[in-house]
Amino acid sequence: MDKTDILNKLASYPARWFLSFSQESGNSFLTSALKILFKNGLKASGDFAVENLRIDKQNYKVVRLDFSNLKPSSGIFEFRKALTDFLIDSFRSVGFSYDKEGTSVFSQLSRWLKTIPPCTLVLLIVDYDFPLTYSMSNEKLYRDVGYVLSEFYALLKSNDGAFRFLLITGVTDFRQTCLLNDLNHLTDLKRLSQGSLLGVSSDDLVRGFDDCLTQPSETVPTKNNDI
């Protein structure tokens, strides 16, 4: 279903969004679509009406982080290394350079964000809470993973001016965890009646299949009394 109108509303001005979802929802498609739109602007193409979008013509630097690939199954030290390597690789594509002889990745990333022009970076985070929910059966690991993730989300808040657009998705409502305490400026999309953003609404069915929908009287044959 074409969600162009909703995507347009989300992306047309600087904002910081949060969206909770079920595992069956299409959050991966949503963030992928937004990545294309911000990176390629009006030149983007695909299965949605890009020509109708009013996103400004600037092509933004876009980072999409899918945390569902980060499983802290080998302990906190391995998890921290996996996370930092993941961040280095992901932000390298938009100009970040990590100095192995320097300070921590979080510290260097924070300094780099302060050097880029304001409002020029788009950050899309999928499954922000996956490493935490994955480690729930181990109380110590759960606590340690939460601490490491909180460091990352805190640096995002301290460098908020760098972002043109921020979207964080996850299973857990951000108000129910300590991870996003610093990101208290997030707006919950579900509270703004964007219920049809993921999934298919009745209006979507009417718009998408209007030509296929007919009145029952047109398709159900009348009873033949002669039979």
K.L.:
Roughly how far apart are Leu167 CG and Arg64 CZ, rounded to 0.5 Å?
P.N.:
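One gets 10.0 Å once the value is rounded to the nearest 0.5 Å.
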
K.L.:
Within the structure provided, determine whether Leu132 and Met136 are in side-chain contact (heavy-atom separation under 4.5 Å).
P.N.:
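Result no, sub-4.5 Å side-chain heavy-atom pair not found.
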
K.L.:
Do Val126 and Ser68 touch side chain to side chain, with heavy atoms closer than 4.5 Å?
P.N.:
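Side-chain contact under 4.5 Å: no.
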
K.L.:
When rounded to the nearest 0.5 angstrom, what is the spacing between CG in Leu155 and CH2 in Trp112?
P.N.:
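These two atoms lie 11.5 Å from each other.
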
K.L.:
Which label fits Tyr128 and Tyr153: parallel for a plane angle under 30°, tilted from 30 to 60°, or perpendicular past 60°?
P.N.:
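Aromatic pair Tyr128/Tyr153 classed perpendicular.
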
K.L.:
Would a 4.5 Å heavy-atom cut-off, applied to side chains only, mark Phe152 and Leu87 as touching?
P.N.:
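Phe152 reaches Leu87 side chain to side chain.
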
K.L.:
Rounded to the nearest 0.5 Å, what separates atom CG in Leu83 from atom OG in Ser90?
P.N.:
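Result: 9.5 Å between the selected atoms.
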
K.L.:
For Thr115 versus Arg111, what's the shortest heavy-atom pair and its separation?
P.N.:
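Result for this residue pair: CG2-O, 3.2 Å.
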
K.L.:
For residues 69-76, please give each side-chain donor-acceptor pair under 3.5 Å, one per line with the distance, not counting sequence neighbours.
P.N.:
none

K.L.:
Any non-hydrogen side-chain atom of Leu166 less than 4.5 Å from a side-chain atom of Leu186?
P.N.:
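Of all side-chain heavy-atom pairs linking Leu186 with Leu166, at least one is under 4.5 Å.
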
K.L.:
Decide yes or no on side-chain contact (heavy atoms from CB on, under 4.5 Å) for Phe130 and Asp66, but give the supporting numbers first.
P.N.:
CA-CA 9 Å; Phe130 179 83; Asp66 187 345; over 6 Å; no

K.L.:
Listed by chain and number, what are the salt bridge (charged side-chain N to carboxylate O under 4.0 Å, His left out) partners of Asp144, not counting sequence neighbours?
P.N.:
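Only Lys140 meet the salt bridge (charged side-chain N to carboxylate O under 4.0 Å, His left out) criterion with Asp144.
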
K.L.:
Run the salt bridge (charged side-chain N to carboxylate O under 4.0 Å, His left out) test against Lys114 and tell me which residues pass, sequence neighbours left out.
P.N.:
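Listed in chain order: nothing, the list is empty.
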
K.L.:
Regarding Thr84 and Arg80, do their side chains bring together a donor and an acceptor under 3.5 Å, going by distance alone?
P.N.:
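Their side chains do not contain a donor-acceptor pair, so the 3.5 Å distance test is not met.
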
K.L.:
To the nearest 0.5 Å, what is the distance between OG1 on Thr133 and CG on Asp129?
P.N.:
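Spacing of OG1 (Thr133) from CG (Asp129) equals 5.0 Å.
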
K.L.:
Is the side chain of Gln108 donor-acceptor paired with the backbone N or O of Asp99 at a distance under 3.5 Å, no angle test?
P.N.:
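Yes: the side chain of Gln108 pairs with the backbone of Asp99.
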
K.L.:
Donor-acceptor pair, distance only, cut-off 3.5 Å: does the side chain of Ser150 make one with the backbone of Gly146?
P.N.:
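Side chain of Ser150 to backbone of Gly146, a donor-acceptor pair under 3.5 Å: yes, one is there.
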
K.L.:
Heavy-atom distance under 4.5 Å between the side chains of Phe79 and Leu149, does that happen here?
P.N.:
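Result yes, sub-4.5 Å side-chain heavy-atom pair found.
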
K.L.:
Which heavy atom in Pro117 sits nearest to a heavy atom in Thr120, and how many Å separate them?
P.N.:
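Heavy-atom minimum between the residues: O-OG1, 2.6 Å.
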
K.L.:
Side chain to side chain contact (heavy atoms under 4.5 Å, CB included) with Leu121: which of Phe91, Tyr60, Phe165?
P.N.:
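That would be Phe91; it is the only one of Phe91, Tyr60, Phe165 passing the side chain to side chain contact (heavy atoms under 4.5 Å, CB included) with Leu121.
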
K.L.:
Is there a side-chain contact (heavy atoms from CB on, under 4.5 Å) between Val62 and Val94? Walk through the geometry before answering.
P.N.:
CA-CA 7 Å; Val62 183; Val94 293; 6.0 Å; no

K.L.:
Between Leu65 and Val63, is any pair of side-chain heavy atoms under 4.5 Å apart?
P.N.:
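The answer is yes, as the side chains (C-beta and beyond) meet within the 4.5 Å cut-off.
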
K.L.:
CZ of Phe18 to CD1 of Ile125: how many Å apart, nearest 0.5 Å?
P.N.:
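The CZ atom of Phe18 sits 10.5 Å away from the CD1 atom of Ile125.
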
K.L.:
Nearest 0.5 Å please: distance from the CG atom of Leu123 over to the NZ atom of Lys61.
P.N.:
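It comes to 14.0 Å.
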
K.L.:
What I'd like to find out is whether the side chain of Arg16 reaches to under 4.5 Å of the side chain of Ile168, using heavy atoms alone.
P.N.:
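Answer no - side chains too far apart.
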
K.L.:
Is there a side-chain contact (heavy atoms from CB on, under 4.5 Å) between Lys35 and Thr31 once you walk through the steps?
P.N.:
CA-CA 6 Å; Lys35 179 178 179 179; Thr31 53; over 6 Å; no

K.L.:
Without swapping roles, check the side chain of Asn138 against the backbone of Leu141 for a donor-acceptor pair under 3.5 Å.
P.N.:
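Present.
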
K.L.:
If we count only N and O atoms by modelled type, under 3.5 Å, do the side chains of Arg143 and Ser135 hold a donor and an acceptor together?
P.N.:
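Checked: Arg143/Ser135 side chains show no N/O donor-acceptor pair below 3.5 Å.
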
K.L.:
Looking at Tyr98 and Asp89, would you say the former's side chain and the latter's main chain have a donor-acceptor pair under 3.5 Å?
P.N.:
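Here the side-chain-to-backbone pair does not exist.
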
